[in-house]
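Heads up, the thing below is written out as structure tokens.
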Protein chains: 2
Amino acid sequence: MVFLHKNNKFYKANIMNPISKAEENHLKAIFNLCEEFSKPASTNAIAKIMKTKAASVTAMIKRLSEKHPALVNHQKHKGASLTETGKKIATNLIRKHRLWETFLVEKLNFSWDEVHEIAEELEHIKAEKLIDRLDEFLGRPKFDPHGDPIPDAKGNFTFRKQILLTELAAHKTAVVVGVMDDSPSFLQYLDKLNLVLGAKVKILERIEYDGSNRILLNDKQEQILTNKVCQNLYVKTL
Amino acid sequence: MVFLHKNNKFYKANIMNPISKAEENHLKAIFNLCEEFSKPASTNAIAKIMKTKAASVTAMIKRLSEKHPALVNHQKHKGASLTETGKKIATNLIRKHRLWETFLVEKLNFSWDEVHEIAEELEHIKAEKLIDRLDEFLGRPKFDPHGDPIPDAKGNFTFRKQILLTELAAHKTAVVVGVMDDSPSFLQYLDKLNLVLGAKVKILERIEYDGSNRILLNDKQEQILTNKVCQNLYVKTL
DNA sequence: TACCATTTTTAGATTAATCTAAAAAATATT
DNA sequence: AATATTTTTTAGATTAATCTAAAAATGGTA
Ligand SMILES: [Mn+2]
Ligand SMILES: [Mn+2]
Ligand SMILES: [Mn+2]
Ligand SMILES: [Mn+2]
């Protein structure tokens with residue numbers, strides 16, 4: 001099979017055509033945006049995630065569709081979404097990312113605010129056997145250090161009944177299981193508050209004035225959490 | 001500071017100018033060639049290692065010297081060598097490569113013939129903390145799965161009195177500590193012969209006719225090793 | 001020393017991934 | 001519906017990393 005390329009040049013559509021790092025990152029961005037908003041990912045939104053410009057995204061999507069047909073769906077001005085094959089690839093990247101993060105925290109003693117950047121690079125290492133072995137070595141973890149689900153080799157995510165801490169009823173108790181915002185600054189702040197995964201939180205009082213919450217942490221420590229903090233913390237009721 | 005570029009364009013010499021993967025691989029190739037032959041690395045030799053063409057190497061060396069002055073020494077037609085700074089970078093790459101290989105074999109149960117390719121990619125992950133933690137996690141190993149020394153964080157290699165099996169005197173006993181050729185085919189063949197690192201070898205007879213050797217393996221198994229095999233095996237006398 | 005083979009460099013192209021500026025299309029606001 | 005704003009695409013450049021073909025330099029040999 002041959003594909004028409006710009007300037008009327010042809011090139012073979014090599015089945016082994018490897019997906020580049022930039023292409024992989026774009027696929028992941030499109031996947032995440034489509035998941036979050038349940039609609040095609042806009043050029044601008046992708047550019048923001050990729051820290052590039054809209055024009056670069058348009059060019060990338062064009063190149064992607066030509067080089068690897070059957071990964072991305074795209075109509076001019078209508079945004080991009082992934083085909084099933086594209087989703088498989090994106091899911092596998094997320095799997096790799098989260099497994100590496102888990103490795104860094106569990107085995108190399110990194111803290112949860114340090115691992116994202118490194119995993120962002122490690123996820124692009126292409127060796128299926130490596131990731132299978134890593135998964136096994138880590139004991140086939142179901143969640144990463146931020147509480148995000150790690151898809152299995154087939155791409156299946158584990159779902160968990162979780163709510164935001166803002167949604168937890170007053171006087172109820174729950175356990176911190178994840179974060180919505182995984183920026184280093186938020187994670188570091190959570191560390192300072194001892195609000196790590198597994199922490200037990202009881203809502204003592206919800207303050208109407210500003211939506212802040214008086215909580216009891218791990219059955220002993222009383223403190224105030226702003227609404228913003230609670231809005232970014234996932235908990236699971238006991 | 002500014003550097004003149006082709007077409008009389010200028011560009012800023014950014015101190016944070018990151019070294020690309022291709023540049024790193026070239027530095028490593030130059031380092032290895034200079035170590036092996038104790039003279040500047042020729043364009044052709046580098047191209048062979050890099051699996052590119054001589055013209056590409058010339059271009060790369062030019063770009064390297066412009067973008068990162070103080071890494072490579074190069075005079076036209078005289079080959080390339082590394083400055084002290086260049087050697088530091090190459091040594092650190094070798095450190096990363098060998099630590100990752102060790103990780104793959106020791107922790108993820110890869111065999112010694114499978115790890116080179118993967119480490120060739122992993123070595124380019126830029127995170128000093130990662131490699132320090134990995135080193136610690138592995139117990140600060142001094143040698144990789146092929147018996148090659150792993151430089152420490154300062155770039156110091158551990159030296160070891162080792163000889164080729166061809167140099168071992170008849171009737172002497174020694175332990176296999178490394179390989180000269182680390183191609184998968186040789187390594188797989190060694191596995192088949194049970195000639196793994198740590199194997200005990202006694203030269204029973206050196207056959208003059210073709211340089212082959214009758215050996216006793218691990219005090220019990222007698223077999224013939226061709227000269228070529230012995231030429232690629234490092235041993236340490238007891 | 002002059003010639004020849006080999007090695008290295010230069011010249012000119014190509015592709016991937018980005019950019020800025022301008023044009024075009026879509027969307028929102030009077 | 002007309003106009004203004006925002007978003008997306010196109011046009012045109014740039015840089016890194018490679019290639020092939022041709023030119024130039026080097027080194028060995030007659
Ligand atoms: Mn990434
Ligand atoms: Mn994560
Ligand atoms: Mn490499
Ligand atoms: Mn090795």
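Proteins get letters first, then strands, A, B, ... in listed order; numbering begins at 1 in each.
- A:T52 places no side-chain N or O within donor-acceptor distance of the main-chain N or O of A:K48, the cut-off being under 3.5 Å.
- Across the protein-nucleic acid pair, B:H26 atom NE2 and D:dA17 atom P stand 9 Å apart, rounded to whole Å.
- The nearest whole Å value for the distance from the NZ atom in B:K67 to the C1' atom in D:dA17 is 10 Å.
- Under the 30°/60° scheme for interplanar angles, the aromatic rings of B:H116 and B:H97 are found to be tilted.
- One atom, CD1 of B:I19, and another, P of D:dA16, lie 14 Å apart when rounded to the nearest Å.
- Comment: A:E23 does not engage A:R63 in a salt bridge, judged by the lack of any side-chain N to carboxylate O separation of less than 4.0 angstrom.
- Contact between the side-chain N/O atoms of A:H74 and the OP1/OP2 oxygens of D:dT9 is found at a separation under 4.0 Å.
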After noting the C-alpha distance and the side-chain angles of A:W112 and A:D144, does the key distance pass the side-chain hydrogen bond (donor to acceptor under 3.5 Å, both in side chains) rule? CA-CA 9 Å; A:W112 64 349; A:D144 85 356; over 6 Å; no
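- The distance between atom CG of A:N25 and atom P of C:dA16, rounded to the nearest whole Å, is 17 Å.
- Put simply, NZ on B:K78 is 15 Å from C1' on D:dA24, counting in whole angstrom units.
- With D:dT9, D:dA17, C:dT9 as the choices, the nucleotide that has an atom nearest any side-chain atom of A:H77 turns out to be D:dT9.
- Note: A:F137 and A:F103 have tilted aromatic rings, judged against thresholds of 30 and 60 degrees for the angle between ring planes.
- Atoms CG (A:N17) and P (C:dT15) sit 13 Å apart, rounded to a whole Å.
- In this structure, B:L64 atom CG and D:dA16 atom P are separated by 11 Å, rounded to whole Å.
- Near DNA chain D, meaning a heavy atom under 4.0 Å from it, residues 34-60 of chain A has A:S42, A:T43, A:N44, A:A54, A:A55, A:T58 in order of number.
- In this structure, B:H26 has no side chain to side chain donor-acceptor pair (under 3.5 Å) partners at least two apart in sequence or on a different chain.
- Counting to the nearest Å, the C1' atom of D:dA16 and the NE2 atom of B:H68 are 11 Å from each other.
- Residue A:K76 places at least one side-chain N or O closer than 4.0 Å to OP1 or OP2 of D:dT10.
- Proximity of B:R63 to the phosphate of D:dA17: a side-chain N or O atom is located under 4.0 Å from OP1 or OP2.
- The CG atom of B:L82 sits 6.0 Å away from the CG atom of B:L27 when rounded to the nearest 0.5 Å.
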